[in-house]
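Here's the structure we're looking at; comments come further down.
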Amino acid sequence: MAFPTTRLRRLRRNDTLRRMIRETRLSPDNLIHPLFVCPGRGVVNPVPSMPGVAQLSVDRVAVEARAIHAAGVPAIILFGIPERKDALGSEAWNDNGEVQRAIREIKEKVPGLVVITDVCMCEYTDHGHCGAIRGTDVDNDATLELLSRAALSHVRAGADIVAPSDMMDGRVGAIRSALDRDGFSEIAIMAYSAKFASAFYGPFREAAESAPQFGDRRSYQMDPPNGEEALREVALDLEEGADIVMVKPALPYLDLIWRVKNQFRVPVAAYNVSGEYAMIRAAGINGWLDEERTIMEVLTSIRRAGADLILTYFAKEVARRL
Ligand code: PBG
């Protein structure tokens, strides 16, 4: 029935009516808050390109984790900035590394919080690439062993979920069998499945001190124009045992969140990355956008596209508002 019988404005007349027919809801349950752990004690080291975000030492991370939990956010994801870097990134599997100590501290102080760890080599290697280098490129199969070691070390420290973000072929399967072999078959894997070689990671590389020292990540991260290939990445990760699949970044790839959810019907995460955060913060600071409304619109749209979970640096403040 068309106009004048049908008038869609009838149910938009006031906030109560709008609330009653709202199709998509954002809940704190959907959010995962990223944190950067750095060496030292009492350290709060602000990240210039991410106003409101700081690198935190283990003691400070535990305090922040408690605040995030108190706001109602169920989970955090940890990134480590190690004391020293080397060619293989060996600090990644140091059982006394920053991330491992942070996990133990958080598990003791905030036991109800789900602890996810990012599993990648780029924060730990002196060349800044996501794996072992052979010639001028990352050696895929040699890197699988390093990633498995890092994942195992995180899980031994108490991590609930590991999240490989390196984009090597076969890493979900390699990590799955390493975990199962050591008796950790109950630990879930959240795979960064469709992770694109994106300009939006710029601020993160400052936060994690992980910018590649030569070349770029285009030989392992996905080419932004490719949608079909993203679906193949997701299919492979699921076959290898991924429990949650991720699309990253979120906003420029809403179409893929939608396609992944509709094709596979599995838990889907989307990463609202550092550049997406920085854009909104910068416009907010300048008074060019209403920050609060922009954040809610963006995160709700990522949910509407089909994401069950959103990794976002806005998680704590949004959960408080909800
Ligand atoms: C590590 C990793 C990156 C991000 C998450 N894990 C950076 C990269 O791939 O260069 C980006 C997160 C963000 O931009 O917020 N490989």
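Counting starts at 1 for both ligands and their atoms, in listed order. In this chain, residues are counted from 1 in sequence order.
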Under 4.0 Å from a heavy atom of [X]: which atoms of ligand 1 are those, numbered in the order shown and with their elements?
{"X": "Arg205", "value": "8 (C), 10 (O)"}
{"X": "Cys122", "value": "1 (C), 16 (N)"}
{"X": "Tyr271", "value": "12 (C), 15 (O)"}
{"X": "Tyr313", "value": "12 (C), 13 (C), 15 (O)"}
{"X": "Lys248", "value": "2 (C), 3 (C), 4 (C), 5 (C), 6 (N), 11 (C), 12 (C)"}

Option whose closest heavy atom lies nearest to atom 12 (C) of ligand 1, chosen from Phe204, Tyr277, Phe79, Phe196
Phe204

Closest heavy-atom approach to atom 14 (O) of ligand 1 among Ser165, Pro34, Ser274, Pro212 is made by Ser274

Would a 4.5 Å heavy-atom cut-off, applied to side chains only, mark Ile133 and Phe214 as touching?
yes

Students often mix this up, so state it plainly: with edges at 30° and 60°, are the rings of Phe314 and Tyr277 parallel, tilted or perpendicular?
tilted

Kindly indicate whether a cation-pi arrangement holds for Lys248 with Tyr201, taking the cut-offs as under 6.0 Å to the six-membered ring centre and within 45° of the axis.
yes

N-O pairing of [X] and [Y] below 4.0 Å:
{"X": "Asp139", "Y": "Arg134", "result": "yes"}
{"X": "Asp237", "Y": "Arg171", "result": "yes"}
{"X": "Arg259", "Y": "Asp255", "result": "no"}

For a quick check under 3.5 Å, do Ser210 and Glu123 share a side-chain donor-acceptor pair by atom type?
no

Going by atom types only, do Gln100 and Ser153 share a side-chain donor-acceptor pair under 3.5 Å?
yes

Using a plain distance cutoff, I'd like to know if Arg217 has any nitrogen or oxygen under 3.5 Å from a nitrogen or oxygen of ligand 1.
yes

So is there a nitrogen or oxygen of Lys195 less than 3.5 Å from a nitrogen or oxygen in ligand 1?
yes

With a 4.0 Å cut-off on heavy atoms, is Met167 in contact with ligand 1?
no

Side chain, backbone, both or neither: which part of Cys120 comes within less than 4.0 Å of ligand 1 when only heavy atoms are counted?
side chain

When you look for heavy atoms under 4.0 Å from ligand 1, do you find them on the side chain of Asp166, its backbone, both, or neither?
neither

